[in-house]
Every structure is written in C-alpha cells, then in structure tokens.
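Heads up, the thing below is written out as structure tokens.
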Amino acid sequence: MEPVTLRTERLELSVPTADDVDAITAAAQDPEVPRWTTLPAPYERRDAEEFIAKAAAWWDEESELTWGIRLEGRWIGMIGLHRFEKQGSAEIGFWMDAAARGHGYLTEAATTVIDAGFAEPLRLARIQWRAIVGNVPSARVAQKLGFRYEGLLRQGLNDPRGRHDGWIAGLLPTDDRTPVPWPVI
C-alpha cells in the first residue's frame, strides 16, 4: 500500500523519513517514552534509522500504517495502526515529544487516523487501544477519543523490559464517540 498523508487543521501526518531521525532520537530520551512504549532504552540514533526503514516496509506489507506527526513541518510525535488487517481490525498506538504534550495535538491526530481507519479503503471493523496499567495520560486520550474500556489484560503486554498488565479499550465505526467514564482513570 502506498503511504497516505493525512492533514488536520494544524498537523500533517506522513510516513517518517530520514529528516525525522534526530527529532525522534531526542524525544525518545525522555524516560516516560520507553516506560510506556516498546521503544528500547537507551534509544540511539541507529534505532531511529532502523525504525524509519521498518515503517516504510510495513506500509508495503500492509502490516502497520505508521505516521510521523508534524507541526509546521517539524516532527512532534508518532502514531500508527498496528497489527493492521484490512477490513478487519487494528490497534492504535502513539507517543509524543514532551514539548508537544498538552496542546491537543495527539487527540487531533488520532481522530484523523481513526476516521481514516473506518473510511474507504481501509474499512476497519474495530480499532483497539492497549496500554500498560498506569499509563493514565494515554488512557485519557483514548477515553477522549470515544474508546470504550473493555478490561484488564493480566500480563497481556510484552516489551523489552518484560510482561505487564494492560488496559484494553475498543472503538467500532458505529460507536458514539462521546467520552464515557472509565473505571481506571
């Protein structure tokens, strides 16, 4: 599949490129990033270069659809549909540079990715969100996007640091996206 560029009022979402390597590497030094994601720690420039090559291959394979989030041409975060199955399901994942947090950029980008996921030609039947228990900022974003909390995955998430309990939430194209209370946040 050819990479698709998405645009919002303030943002451009497009495949990560070599121009993003330094920004990704710098943002990944924030200890909160590897704490809640599968990024290696320490994160080196080589990791960003390898990730960018993989992201392009994932588009070709239609296994993951990954976008760099850009504000005024500057990389500020990453978002993607992982475990992608055309007309099936996918899992949304995201992380932001610390300086870009708290401005609504992630919610804006994720809304656009979700809309694209449910529209032609992808036509997903379900998008799920998962996070390590305790990742309240990510849970708040998912709740704001209209995801419905579905439960606890005991030791259900795995990253380079081991196994973790995880929260899971889902969103269907027919769901009302009005946020509803979650029992964990």
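Everything numeric in this text was worked out from a predicted model, so none of it was measured.
- Between M1 and L65 the shortest side-chain heavy-atom distance falls below 4.5 Å.
- Side chain of W67 to backbone of V4: a donor-acceptor contact under 3.5 angstrom is found.
- Of the inter-residue distances, the one linking L171 atom CG with D176 atom CG reads 10.0 Å to the nearest 0.5 angstrom.
- Nearest heavy atoms, A125 versus L172: O-CD2, 3.3 Å.
- Remark: E32 CD to M96 CE distance equals 15.0 Å, nearest 0.5 Å.
- The closest side-chain heavy-atom distance from W58 to F84 is not below 4.5 Å.
- Results of the side-chain hydrogen bond (donor to acceptor under 3.5 Å, both in side chains) test with E91 over R126, H82, R130 single out R130 as the only residue that passes.
- Listed here is the closest heavy atom pair of A116 and L122: O-CD1, 3.6 Å.
- The side-chain contact (heavy atoms from CB on, under 4.5 Å) test applied to P137 returns N135, not counting sequence neighbours.
- Pairing each heavy atom of A48 with each of T25, the nearest pair is CB-OG1, 3.4 Å.
- Under the 4.5 Å side-chain heavy-atom criterion for grouping Ile, Leu, Val, Met, Phe, Trp and Tyr, I132 is not connected to V136 through any hydrophobic cluster.
- Proximity of R177 to I114: side-chain heavy atoms (C-beta onward) are separated by under 4.5 Å at one or more points.
- In this structure a side-chain-to-backbone donor-acceptor pair under 3.5 Å is present from R161 to P34.
- Ion pair E49/R46 not flagged as a salt bridge, since none of the NZ, NE, NH1 or NH2 atoms sits closer than 4.0 Å to an Asp/Glu carboxylate oxygen.
- Here the shortest heavy-atom pairing between T5 and E12 reads CG2-CG, 3.7 Å.
- Remark: A98 pairs with D30, R101 by the side-chain contact (heavy atoms from CB on, under 4.5 Å) rule, at least two apart or across chains.
- Counting only heavy atoms from C-beta outward, the side chains of T66 and F51 approach each other to under 4.5 Å.
- Note on L153 and V184: separate hydrophobic clusters, where clusters join Ile, Leu, Val, Met, Phe, Trp and Tyr whose side-chain heavy atoms are under 4.5 Å apart, directly or indirectly.
- The CH2 atom of W36 sits 11.0 Å away from the CG atom of D159 when rounded to the nearest 0.5 Å.
- The 12-atom threshold is exceeded at CZ of R10, counting heavy atoms of other residues, nucleotides or ligands nearer than 6.0 Å.
- Residue L39 holds its CG atom at 5.5 Å from CH2 of W95, rounded to the nearest 0.5 Å.
- V15 is linked by a side-chain contact (heavy atoms from CB on, under 4.5 Å) to P3, W59, counting only residues two or more places apart in sequence or in another chain.
- Under the salt bridge (charged side-chain N to carboxylate O under 4.0 Å, His left out) criterion, the residue pairs touching residues 65-74 are D20-R70, with sequence neighbours excluded.
- In the hydrophobic cluster analysis, where Ile, Leu, Val, Met, Phe, Trp and Tyr join through side-chain heavy atoms closer than 4.5 angstrom, L81 is grouped together with L13.
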F147 and I92: side chain to side chain contact (heavy atoms under 4.5 Å, CB included), yes or no, with the steps?
CA-CA 11 Å; F147 280 82; I92 195 165; 3.8 Å; yes
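- No side-chain heavy atom of T112 sits under 4.5 Å from any side-chain heavy atom of L11.
- Taken together through direct or relayed side-chain contacts under 4.5 Å among Ile, Leu, Val, Met, Phe, Trp and Tyr, F94 and W182 form part of one hydrophobic cluster.
- Side-chain N or O atoms of S89 include none that pairs as donor or acceptor with a backbone N or O of E85 at under 3.5 Å.
- Of all heavy-atom pairs spanning I79 and A109, the tightest one is CD1-C, 4.1 Å.
- A donor-acceptor pair under 3.5 Å is absent between the side-chain atoms of Q128 and the main chain of A90, judged by distance alone.
- For Q155, the side-chain contact (heavy atoms from CB on, under 4.5 Å) partners are R163, D165, not counting sequence neighbours.
- The structure places CZ of R140 at 12.0 Å from OG1 of T107, a figure rounded to the nearest 0.5 Å.
- The CD1 atom of I69 sits 10.5 Å away from the OG atom of S14 when rounded to the nearest 0.5 Å.
- For T38 against N158, the heavy-atom pair with the smallest separation is CG2-O, 4.1 Å.
- Residues that satisfy the salt bridge (charged side-chain N to carboxylate O under 4.0 Å, His left out) test with D22, not counting sequence neighbours, are R45.
- Under a cut-off of 6.0 angstrom, the local environment of CD in E2 is sparse, with at most 12 non-hydrogen atoms contributed by other residues, nucleotides or ligands.
- Between I127 and V113, the closest side-chain pair of non-hydrogen atoms is not below 4.5 Å.
- Ring geometry for W129 versus W167: interplanar angle under 30°, hence parallel rather than tilted (30 to 60°).
- Here the side chains of T17 and W75 are not in contact, with every heavy-atom distance at 4.5 Å or above.
- No donor-acceptor distance shorter than 3.5 angstrom exists from the side chain of D115 to the backbone of F118, with no hydrogens or angles considered.
- Checked by atom type and distance alone, the side chain of E62 never pairs as donor or acceptor with a backbone atom of K86 at under 3.5 Å.
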